[in-house]
Amino acid sequence: MPSINAHCFLLPPLPSPVVAQDKFSETTIKSANFSQIPQWVSLKCSFPSVKTHQIQQGQVENVHLISLSKQGKLKQVHEFLKLMDEAGVSVSPHSYKSIFETCAKLGSLSDGRSIHDRLRRTVKDPIGFLENCVLRMYCDCGSLVDAQNVFDEMLDRNLVTWDIIVSAYAEKGVLDKAIGLFTISRIKPSHSIYISLLRSLTGFSLLELGKQLHSHVIRNGLASNVSVDTAIANMYVKCGWLEGAELVFNQMTEKNAVVWTGLMVGYTQAGKLEDALELFTKMVKEGVQMDEFVFSIILKVCGGVEDLTMGRQIHGYSVKLGLDSDVSVGTPLVDFYVKCGSFESACLAFERISEPNDVSWSCVISGYCQVGEFEESVKIFKLLKRKVVVLNSFIYTSIFQACAVLADLNLGAQVHADAIKTGLVSYLYGETAMISMYSRCGRSDYAYQVFKSLENPDTVAWTAIICGYAYHGNAIEALSLFNRMQDCGVRPNAVTFIGVLTACSHSGLVTEGKKYLESMRGKYGVEPTVDHYDCMVDIYSRAGLLQEAFELIKCMPFEPDAMSWKSLLGGCWTHRNLELGKIAAENLLQLDPDDTASYIVMYNLYASHGIWEEAAHFRWMMAERNLRKDISYSWITVKGKMHSFVAGNRHHPQTEQIYSKLEEFTSSSDNAENALLTEEDVSCGLSERKEQLPDHSERLAIAFGLIFTSRHTQILVFKNLRACKDCHDFAKRASLVTGREIVVRDSNRFHHFKLGKCSCNDYW
DNA sequence: TTAGGGTTAG
């Protein structure tokens, strides 16, 4: 053990062992009048050693008392104690022991205190064994203040006493106190006291102390004990010294599943997934008895490396051992299959779990989110709520995510309130998901309120709020938050820069965007990726600097990906550049032939130049590949009910009113009508289009909002695809004519229309 | 003494 000092720096010298003194003495027990025992109680209890002929005076009452206590019937215990008092029957030390154990088990501090008071009143000189019981009860009930008082008053502290108090402080994380008491104890420490102390050490800063404890263990002759060595190896894992853990592990002549698991956890946390897999293989070869913990960690490893074959083999192994239906194996199995993209297998694995718990459900819910089935995850959540199943904060975090994607503000706000009531808002994780949820549901103000409530927002939380403002096209706020983030000493990461560059992109801030991209590595220590260059391509493209965008694609230090060309292509459409559009589309078609964007944009570009033959070629290519444009639809929530619209849809009960409202706008602006006809839509020809334009889904939703919401409220409409220019103009006009604030979220960003202007400055 | 699930993105 080269790096472990054999000297002890802070810890106490080794004392001679103290033998626990048992002051148990004969207790005089009177017999109660049996008629005083209520008829409804049972004298049956599981004490095979107590036979009828052995029953002495008062023993039956104490046996009954213990029986009540073992059943957790503390109320009846109190009542029966009263009866025993009235009958003058003494309570035996074993009865007290049992009652204190029950109070500890149920965590009932008040009952524990009351019984402790009784003991003080009735027994003048309680034996040490009982004092230890009281001490343990207070520790288990979480009251270290009471425990310390009892400890201070104790005259005879034995090995057990020190063990209880030191372990309690260690487990509560009051390490200074635990070590302090351990130092002054002058006892020969037991295995368990070392295990408790070692267990409480986590983090690199405690590594030195851990080494000292290790040294202490060796000097005490307790090394080579499998439990203690396991605790030492796991301590080194938790303190981040994997080599130390390996040294201990390799020296152990006898190893249990716990130490194997611990080391595998260490490898996993350090990202050494291959090492974890190798260790597992070794474990199998050595014929180590497997338990559910081994499977849970190794399945996590398989999910991490996305090794479906290996995971399936391990799954099979767990089936052979009959462990797959165990919740601790079945749950990580579900997660493993989700991570490997095999959702069907995940569902099958879930069905095998005999008693799924909240973690199992959270895996299923997040699984549905990962495969994009957000409605399904919400459905399960609602089902669990109805069934009064125990939920956890992980589930709420996933549901916030689902509400964000579904843009369901109504549900999101309800779930938020529910999470507060149940106390299941996860620190930072849940809160950050809520920031994103409110932003994506159109409520930057609520998102900011959540952000403001965070005491110490981390990088991810800052990123969420920055991205939120960027999504709404509010570059000033997004960039100001980016500056504030640095003032607070929080370092940005790669995603933060995506948010910053997006903000620049949505507001036409070309110079700023360039400055941020160039300073990423030098000033912020964040390595730019192709994603960041794609953002810059987007900034140039939207601003009409198409040649610059093209040059950047050619000279950037990465192979351009589909997004690089897609961004350029988008700019080529906005700025009607056919030549560069052709290059962009050609490259995009090579990288992602199934992306409909290239076909649609090229059709539009050619059509806008009147080159119909070429345009038709792209429609033909799309048909040839059996590619269809997604059906466009929009939705609006009014009085908690969602109303969705598809272009030309006349099935809504209020269709007549909606169409007459649309006519109000179309008939009042002929010029605008003419402008609408200049755009082309791939889903229909020019002549068809003239008829269809007024029916675009977002217009139906806006018209519905104008009719059925009160005059002073904002109209919030969501669209699954990007809004077309005609509809963008329509919304501007509607906001001017009606004086209403209209907010439209398309697949790209938020548009806030007010008095004829849009927050995007027509820059979308 | 050991394990499994959740946050930010164009």
Side-chain angles (χ1 to χ4, degrees), chain A residues 191-192 194-196 198-199 225-235 237-238 256-266 268 291-301 303 326-336 338-339 357-367 369-370 392-401 404 424 426-437 439 457-468 470-471 492-503 505-506 529-539 563-564 566-567 748-749:
Chain A
H191 293 150
S192 63
Y194 277 125
I195 291 170
S196 297
L198 288 162
R199 212 182 140 192
N225 171 289
V226 67
S227 301
V228 177
D229 285 349
T230 300
I232 292 168
N234 286 331
M235 176 272 293
V237 166
K238 286 197 279 185
N256 55 18
V258 178
V259 74
W260 286 90
T261 311
L263 197 54
M264 272 193 265
V265 170
T268 311
D291 63 12
E292 65 273 30
F293 293 94
V294 181
F295 281 102
S296 67
I297 183 66
I298 202 63
L299 285 166
K300 182 182 176 166
V301 172
D326 186 303
V327 68
S328 303
V329 178
T331 303
L333 258 176
V334 172
D335 190 57
F336 155 73
V338 167
K339 290 209 164 67
N357 61 14
D358 58 310
V359 184
S360 323
W361 284 112
S362 70
C363 279
V364 169
I365 287 177
S366 82
C369 290
Q370 283 174 52
N392 59 38
S393 61
F394 289 71
I395 293 175
Y396 279 89
T397 303
S398 290
I399 297 302
F400 291 139
Q401 214 188 346
L424 293 174
S426 163
Y427 174 65
L428 288 179
Y429 281 85
E431 290 158 331
T432 304
M434 271 198 282
I435 292 171
S436 179
M437 184 263 289
S439 290
D458 63 354
T459 301
V460 183
W462 279 100
T463 304
I465 192 71
I466 289 169
C467 290
Y471 197 44
N493 65 14
V495 185
T496 319
F497 278 99
I498 297 286
V500 166
L501 293 169
T502 307
S505 171
H506 284 173
T529 65
V530 69
D531 296 330
H532 299 101
Y533 278 88
D534 286 348
C535 287
M536 195 63 221
V537 171
D538 192 53
I539 292 174
M563 186 55 80
S564 320
K566 203 171 172 177
S567 300
N748 199 29
R749 56 167 292 168

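Order of the sequence lines fixes the chain letters, A, B, ..., with proteins taken first and strands second; residue numbering starts at 1 for each chain.
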Measure the distance from [atom1] on [X] to [atom2] on [N] and round it to the nearest whole Å.
X        : N      : atom1 : atom2 : value
A:Ile466 : B:dG10 : CD1   : P     : 13 Å
A:Phe394 : B:dA3  : CZ    : P     : 14 Å
A:Trp361 : B:dG4  : CH2   : P     : 22 Å
A:Asp291 : B:dG4  : CG    : C1'   : 13 Å

Of the candidate nucleotides [options], which contains the atom at the shortest distance from the side chain of [X]?
X        : options              : answer
A:Val265 : B:dT2, B:dA9, B:dT7  : B:dT2
A:Ser436 : B:dT1, B:dA9, B:dG10 : B:dA9
A:Thr432 : B:dG4, B:dG10, B:dT8 : B:dT8
A:Ser296 : B:dA3, B:dT7, B:dA9  : B:dA3
A:Asp335 : B:dT8, B:dG4, B:dG10 : B:dG4
A:Ile195 : B:dT1, B:dT7, B:dA9  : B:dT1

Which of these passes side chain to side chain contact (heavy atoms under 4.5 Å, CB included) with A:His532: A:Ile498, A:Val537, A:Val500?
->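 Running side chain to side chain contact (heavy atoms under 4.5 Å, CB included) over A:Ile498, A:Val537, A:Val500 with A:His532 returns exactly one hit, A:Ile498.
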Would you check if there is a donor-acceptor pair between the side chains of A:Ser505 and A:Asp538 at a distance under 3.5 Å?
->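 A:Ser505 and A:Asp538 do have a side-chain donor-acceptor pair below 3.5 Å.
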Can a donor-acceptor pair be found between the side chains of A:Asn493 and A:Thr459 at a distance below 3.5 Å?
-> no
Step-by-step side chain to side chain contact (heavy atoms under 4.5 Å, CB included) determination, A:Ser360 to A:Val334 | CA-CA 8 Å; A:Ser360 323; A:Val334 172; over 6 Å; no
Across all chains, not counting sequence neighbours, the side chain to side chain contact (heavy atoms under 4.5 Å, CB included) partners of A:Asp229 are A:Ala223, A:Ile232, A:Val248, A:Met252
Under 4.0 Å, heavy atoms only, any strand: does [X] hit a base, just the sugar-phosphate, or nothing?
X        : result
A:Lys238 : sugar-phosphate
A:Leu428 : base
A:Ser360 : nothing
A:Val327 : base
A:Asp534 : nothing

Do A:Thr261 and B:dA3 share a donor-acceptor pair, side chain to base, under 3.5 Å?
-> no
Presence of donor-acceptor pair under 3.5 Å, side chain of A:Thr331 and base of B:dG4 |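 Yes.
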